[in-house]
Amino acid sequence: MKREDFKNTKTIKGKRLSRSFFVRPDKDKTYGERSVKIAESLIGKFVVRRIGRKKIFGRIVEVEVYAGPKDRAAHSFGGKVTPRNKVMYQRGGHAYVYLVYGMHWQMNLVTGNEGEPQCVLLRALEVPEGGRIASGPGKLCRYLRLNKSFHGEDVTSSRRLWLEDRGEKIDLKDIVRAKRIGIDYAGPYWSSRRWRFYLKDSPAVSRR
DNA sequence: GTACAGATTGAG
DNA sequence: TCAATCTGTACT
């Protein structure tokens, strides 16, 4: 998306993604397939962060699925519940924000029904300023000024953080499906599972 | 209590 | 290649 296009998006009235976007009927037998669908449909949507009268926003170009309790890479693996990950067990539409490596925040969106820990990690945004300042999960949170206070935020009702559909239709063939990043510890099966999705040709994707 | 790895990043 | 730096987990 070019810089001029972002000027247009400022005047576009975006439609907030509601609960039904994050909590979907459980038709799929495969655990995590619902989150895969949600991950794909998040590509091209906008994250909006309001600070006073100012809005910071970006277009989602890269996400990853984490679907416990079977997923060895997910914090919910084995059905574990900790003070940190318990938000994952809430119904979809909540933000799961946590600190990695003691210095970087990451934001996930919970995508399961209540009691089914699934989420989608937001990894990269295209932003009006251009460049790669929100290209990576830690950089994305820094750009949006997200921290622990957003842990558990309900993005379907929050006044300071939400998701928007601005009418863009993304063709599925423009979405690349790849292995997740940084989870080699999860073993060959889970680390090779193609649960990372990014927009083909976007310069803002964290790694090619 | 201690030890250690980790859904990362930026500098060298 | 490596260090920064905090949280959860698996031990003693």
Side-chain angles (χ1 to χ4, degrees), chain A residues 22 31-40 42-43 47 56 58 60-90 92-112 116-127 129-153 155 161 163 175-199 202-208:
Chain A
F22 299 101
Y31 207 57
E33 279 309 303
R34 263 177 304 158
S35 296
V36 163
K37 293 277 190 327
I38 294 170
E40 285 173 340
L42 275 170
I43 301 289
V47 189
I56 306 174
I60 299 171
V61 294
E62 180 183 354
V63 296
E64 281 177 359
V65 168
Y66 287 88
K70 284 188 272 187
D71 182 2
R72 292 195 90 87
H75 292 159
S76 51
F77 174 64
K80 276 186 305 230
V81 182
T82 68
R84 182 176 72 169
N85 79 359
K86 66 180 181 191
V87 170
M88 279 184 80
Y89 293 81
Q90 295 188 295
H94 291 88
Y96 173 31
V97 180
Y98 79 99
L99 193 64
V100 253
Y101 298 107
M103 49 195 355
H104 303 294
W105 295 98
Q106 307 204 159
M107 181 170 74
N108 302 258
L109 298 169
V110 177
T111 52
E116 300 172 352
Q118 302 191 30
C119 62
V120 174
L121 170 68
L122 301 187
R123 287 194 56 93
L125 304 178
E126 277 182 13
V127 297
E129 297 88 329
R132 296 171 52 76
I133 54 175
S135 298
K139 295 166 82 176
L140 180 150
C141 284
R142 192 176 60 188
Y143 176 78
L144 293 174
R145 303 228 240 140
L146 300 177
N147 55 43
K148 192 167 196 169
S149 76
F150 288 84
H151 187 51
E153 191 90 352
V155 301
L161 179 68
L163 280 291
I175 297 178
V176 182
R177 194 169 173 162
K179 286 162 56 172
R180 292 177 291 178
I181 288 175
I183 53 151
D184 287 343
Y185 63 86
Y189 178 78
W190 290 101
S191 64
S192 65
R193 190 147 205 185
R194 290 159 63 232
W195 272 0
R196 175 181 177 226
F197 302 86
Y198 63 86
L199 188 60
S202 170
V205 168
S206 66
R207 288 197 229 167
R208 307 287 351 180

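Since this is a predicted model, take the numbers as computed values, not measurements. Each chain gets a letter, A, B and so on, in the order the sequences are listed, and its residues count up from 1.
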R72(A) atom CZ, neighbour heavy-atom count above 12 within 6.0 Å: no
Near-strand residues of residues 101-112 of chain A, defined as heavy-atom separation under 4.0 angstrom from DNA chain B: Y101(A), H104(A), Q106(A), N108(A)
What does R180(A) touch in the nucleic acid at a heavy-atom separation under 4.0 angstrom: a base, only the sugar-phosphate, or nothing? nothing
Using a 3.5 Å distance criterion without hydrogens, assess whether the side chain of H151(A) forms a donor-acceptor pair with backbone atoms of R84(A). yes
Starting from the C-alpha separation in whole Å, work towards a yes-or-no answer on side-chain contact (heavy atoms from CB on, under 4.5 Å) for H94(A) and F22(A). CA-CA 9 Å; H94(A) 291 88; F22(A) 299 101; over 6 Å; no
Rounded to the nearest 0.5 angstrom, the CG-CD1 distance for L199(A) and I43(A) is 6.5 Å
Separation between the C1' atoms of dT7(C) and dG10(B), rounded to whole Å: 22 Å
Can you tell me if Y89(A) uses its side chain to pair, donor with acceptor, with the backbone of G79(A) under 3.5 Å? yes
Integer-rounded Å distance: dT5(C) C1' and Y98(A) OH: 15 Å
H151(A) NE2 to dC6(C) C1': how many Å, rounded? 15 Å
Please list residues of residues 130-147 of chain A whose heavy atoms come under 4.0 Å from any atom in DNA chain B, ordered by number; otherwise none. G136(A), P137(A), G138(A), K139(A), R142(A)
Donor-acceptor contacts, no H, no angles, side chain residues 116-124 of chain A, under 3.5 Å, sequence neighbours left out:
from    : atom 1 : to      : atom 2 : distance (Å)
E116(A) : OE1    : R34(A)  : NH1    : 3.4
E116(A) : OE1    : R34(A)  : NH2    : 2.8
E116(A) : OE1    : N113(A) : ND2    : 3.4
Q118(A) : OE1    : S35(A)  : OG     : 2.4
R123(A) : NE     : E62(A)  : OE2    : 2.8
R123(A) : NH2    : S206(A) : OG     : 3.2

Where do L109(A) and V63(A) land on the side-chain contact (heavy atoms from CB on, under 4.5 Å) test, with the steps shown first? CA-CA 10 Å; L109(A) 298 169; V63(A) 296; over 6 Å; no
When all nucleic acid strands are considered with a 4.0 Å heavy-atom cut-off, which category describes L121(A): base, sugar-phosphate, or nothing? base
Whole-Å distance, I181(A) CD1 to dG6(B) P, equals 16 Å
CA sep, side-chain torsions, deciding dist, call: L125(A), L144(A), side-chain contact (heavy atoms from CB on, under 4.5 Å): CA-CA 10 Å; L125(A) 304 178; L144(A) 293 174; 4.0 Å; yes
Smallest heavy-atom separation, Y66(A) atom then E64(A) atom, equals OH-OE1, 2.7 Å
Would a distance-only check, ignoring hydrogens and angles, find a side-chain to backbone donor-acceptor pair under 3.5 Å from R177(A) to Y198(A)? no
Atom NE2 of H104(A) and atom SG of C141(A): how far apart are they, to the nearest 0.5 Å? 11.0 Å
Is there a residue in residues 69-88 of chain A whose heavy atoms reach under 4.0 Å of DNA chain C, and which residues are they? K80(A), T82(A), R84(A)
Under the side chain to side chain donor-acceptor pair (under 3.5 Å) test, which residues partner Q106(A), sequence neighbours left out? Y98(A)
Count the heavy atoms belonging to other residues, nucleotides or ligands that lie under 6.0 Å from CZ of R145(A), then report whether that count exceeds 12. no
Ranges pairing with ranges for DNA chain B, where each run has three or more Watson-Crick or G-U pairs under 3.5 Å: B:1-6 with C:6-11, B:8-11 with C:1-4
